[in-house]
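So the structure is just underneath, and the comments pick up after that.
In this text, all values refer to a predicted model and were calculated from it rather than measured experimentally.
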Amino acid sequence: MVDHPAVGRITLDCDTLVVALDDLRITVYTAEPGTEDAERLALAVVLGTQMLVD
């Protein structure tokens, strides 16, 4: 679970891809398609690192 400051809590699945014979690892976070978590994740991606002003 991730607690995003603008969109709230997002429940994510985590998969780690490992490259054989190398130290390279890629971690991928996804949300179940069609859920509120997927919508929140999409919004968090759009917001990026913007600073939100009251």
Side-chain angles (χ1 to χ4, degrees):
M1 183 176 308
V2 173
D3 192 9
H4 190 279
V7 299
R9 291 185 178 181
I10 310 170
T11 300
L12 300 173
D13 294 323
C14 175
D15 294 299
T16 301
L17 310 172
V18 180
V19 176
L21 305 175
D22 201 340
D23 289 336
L24 180 64
R25 287 179 168 70
I26 300 170
T27 303
V28 179
Y29 294 96
T30 57
E32 186 71 30
T35 64
E36 281 189 33
D37 291 313
E39 291 177 12
R40 288 185 184 127
L41 180 58
L43 180 55
V45 169
V46 170
L47 292 175
T49 58
Q50 298 177 38
M51 296 298 297
L52 302 177
V53 180
D54 289 340

If you look only at distance, which donor and acceptor atoms sit under 3.5 Å apart when one is on a side chain in residues 30-44 and the other is two or more places apart or in another chain?
{"residue": "Thr35", "atom": "OG1", "partner": "Glu32", "partner atom": "O", "Å": "2.6"}
{"residue": "Thr35", "atom": "OG1", "partner": "Asp37", "partner atom": "N", "Å": "3.4"}
{"residue": "Thr35", "atom": "OG1", "partner": "Ala38", "partner atom": "N", "Å": "3.2"}
{"residue": "Glu36", "atom": "OE1", "partner": "Arg40", "partner atom": "NH2", "Å": "3.1"}
{"residue": "Asp37", "atom": "OD1", "partner": "Thr11", "partner atom": "N", "Å": "3.1"}
{"residue": "Arg40", "atom": "NH1", "partner": "Arg9", "partner atom": "O", "Å": "3.4"}

Take Cys14 and Thr27, measure what side chain to side chain contact (heavy atoms under 4.5 Å, CB included) needs, and give me the verdict at the end. CA-CA 7 Å; Cys14 175; Thr27 303; 3.6 Å; yes

Can you list the steps and then say if Ile26 with Thr16 is a side chain to side chain contact (heavy atoms under 4.5 Å, CB included)? CA-CA 6 Å; Ile26 300 170; Thr16 301; over 6 Å; no

Return the OH to CG distance between Tyr29 and Asp15, rounded to the nearest 0.5 Å. 10.0 Å

For a 4.5 angstrom cut-off between non-hydrogen side-chain atoms, does Val28 reach Leu17? yes

